[in-house]
There are 2 protein chains.
Amino acid sequence: MTDIRRPPLDTRRIVDAAIALADAEGIGALSMRKLARRLGFEAMSLYNHVANKDELIGLMLDAVAAEIGDPEPDAEPLAAVRAVVVATRAAFIRHPWAAGAWLEHMPGPARSRQMEVLLRLFAESGLAPDLAHHGYHAVGNHVLGYTLQEIGMALGSSDDLEAGAHEFLAGLEPDKFPHTIHHVHEHLEGRTSSSFELVLDLILDGLVRLNDARGG
Amino acid sequence: MTDIRRPPLDTRRIVDAAIALADAEGIGALSMRKLARRLGFEAMSLYNHVANKDELIGLMLDAVAAEIGDPEPDAEPLAAVRAVVVATRAAFIRHPWAAGAWLEHMPGPARSRQMEVLLRLFAESGLAPDLAHHGYHAVGNHVLGYTLQEIGMALGSSDDLEAGAHEFLAGLEPDKFPHTIHHVHEHLEGRTSSSFELVLDLILDGLVRLNDARGG
DNA sequence: ACCTGAACACCGTTCAAGT
DNA sequence: ACCTGAACACCGTTCAAGT
């Protein structure tokens, strides 16, 4: 007896459903059993299409990498880097579980391509080889760290970012933590939205300036 | 019948044993049952001293924060920031599980103190308030992202970093990924060790330069 | 070729019962 | 006050059996 409402299972459908589940409920709520149930199958069926949960998460991450997209081909190299980094941040915000898993899995095809594009742009930027190398890591750290920080505080113990921030504030004695309290208030009042691109430009401009200062 | 070789359980001993276990086998190998067994108790006994696993990890993270230590009191503010960040990196390397969990838990007392120290140093640095705010995040992102990147690749699927890098390289077609292959080789040959402090200085110097350019 | 029931070896956590 | 056996509701994964 076949259920006509149930399309056959394939890797693509599994990965898409897993991403939807992780987007909606967090990666902690992603289990093989729950994912299969959502698709109308049993957990064991998934193993016909995916080696194990680790490989599944790797495929999910590469699907996120594929969303990032390429920069315009005729853009100036560091402007193109900037565009890719901004697009990466957007993808991480669409899929809040991705940044935390990003460095714990080997790059798949899409992310390898993304890496190659970024490294080529740095190589063509006119920066000295060591600055190109460090610049690649610097922008990667920035986008990853910044996004994790934005998402992370929400996970502290509350359901959303603002509740987490308030709970954290409530535990701080005002006379011992004046700077911390001020800092958290700046976040709560949304006065820090431009921070991501400001620091990104600081890094990119700093690389160019350092390169020039060496007599490039 | 009491076992004389078994000192009584307390929160401190539990946290220390949990850190030792996570340092040695990774945070994935940390379970309440295994931890209790190591200590010579049953899993349920842990719940007399710790609310749950999440709180335990929070306590572990705050113990790592407590290891970081304070900068010398008479140091120039941004030099003191630099020292704290370098010490943070050392702590993250001693406890490779800590960076990945850092932003998913609310700061405990030691980390709150650390936050306050850093924010005070930025406030006293002479930087404009918005640059102080962004600088705090920029150095935090740098130390976290950089350490995760160093540790992360090892977790891909192999046991150590070098094996992971080689496995990654083996999957790249040489003519399609020349820059990526070159980049990974630079890591394998250890030509990138100074990268952490170079980019850290780039961020700190960039903040000062941007501040000065505004007419500070 | 694809799906699945039963089973294995684990989890975190609660609760009532012991001392 | 602290410890624990039994139990509950979960996990990921294997494997033999089905179609």
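Naming convention: chains lettered A, B, ... in sequence-line order (proteins, then strands); numbering from 1 in each chain.
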Under 3.5 Å, side-chain donor or acceptor atoms of residues 37-46 of chain B against the rest of the protein: list the pairs with distances, not counting sequence neighbours.
residue : atom : partner : partner atom : Å
B/R38   : NH2  : B/E25   : OE2          : 2.3
B/S45   : OG   : B/E42   : O            : 3.3

Enumerate the protein-to-nucleotides 12-15 of chain D contacts in which both atoms are nitrogen or oxygen and the separation is below 3.5 Å.
residue : atom : partner : partner atom : Å
D/dG12  : OP1  : A/M32   : N            : 3.2
D/dG12  : OP1  : A/K53   : NZ           : 3.0
D/dG12  : OP2  : A/M32   : N            : 3.0
D/dG12  : N7   : A/R33   : NH1          : 2.3
D/dG12  : O6   : A/R33   : NH1          : 3.2
D/dG12  : O6   : A/R33   : NH2          : 3.4
D/dT13  : OP2  : A/Y47   : OH           : 2.9
D/dT13  : OP2  : A/K53   : N            : 2.8

Task: B/R82 side chain vs B/L200 backbone, donor-acceptor pair below 3.5 Å - done: no
Open item on the list: Between B/H142 and B/F196, does the ring-ring contact (aromatic ring centres under 6.0 Å, His included) criterion hold? Intermediate values first, please.
Closed with: CA-CA 8 Å; B/H142 179 61; B/F196 175 74; 4.8 Å; yes
Task: Spacing between B/L9 atom CG and D/dT4 atom C1', to the nearest angstrom - done: 12 Å
Open item on the list: When you measure from the side chain of A/H49 to the backbone of A/I14, do you find a donor-acceptor pair of N or O atoms at a distance under 3.5 Å?
Closed with: no
TODO: Ignoring backbone atoms, test whether A/S45 places a side-chain nitrogen or oxygen under 4.0 Å from the OP1 or OP2 oxygen of C/dC2.
DONE: no
Open item on the list: Please report the distance, rounded to the nearest Å, between CD1 in A/I14 and C1' in C/dC3.
Closed with: 12 Å
- [ ] Would you confirm whether B/R13, through its side chain, and B/P8, through its main-chain N or O, come within 3.5 Å as a donor-acceptor pair?
- [x] yes
Task: Secondary-structure notation, DNA chain D, from Watson-Crick and G-U pairs under 3.5 angstrom (| other strand) - done: ||.|||||...|||||.||
- [ ] Please tell me which of the listed nucleotides, C/dC2, C/dG5, C/dC11, lies nearest to the side chain of A/E42?
- [x] C/dG5
Task: Heavy-atom donor-acceptor pair, A/D23 side chain to A/H95 backbone, under 3.5 Å - done: no
Open item on the list: Please determine whether ring-ring contact (aromatic ring centres under 6.0 Å, His included) holds for the pair B/H137 and A/H183, giving the CA-CA distance in whole Å, both sets of side-chain angles, and the decisive distance to 0.1 Å.
Closed with: CA-CA 11 Å; B/H137 286 298; A/H183 182 91; 4.8 Å; yes
TODO: Tell me whether the OP1 or OP2 atom of D/dC3 has a side-chain N or O from B/H49 closer than 4.0 Å.
DONE: yes
Open item on the list: Could you go through B/V199 and B/Y146, starting from their C-alpha distance and side-chain angles, then the distance that decides it, and tell me whether this counts as side-chain contact (heavy atoms from CB on, under 4.5 Å)?
Closed with: CA-CA 10 Å; B/V199 177; B/Y146 197 91; 5.8 Å; no
Task: Value in whole Å for how far the C1' atom of D/dT4 lies from CG of B/L46 - done: 12 Å
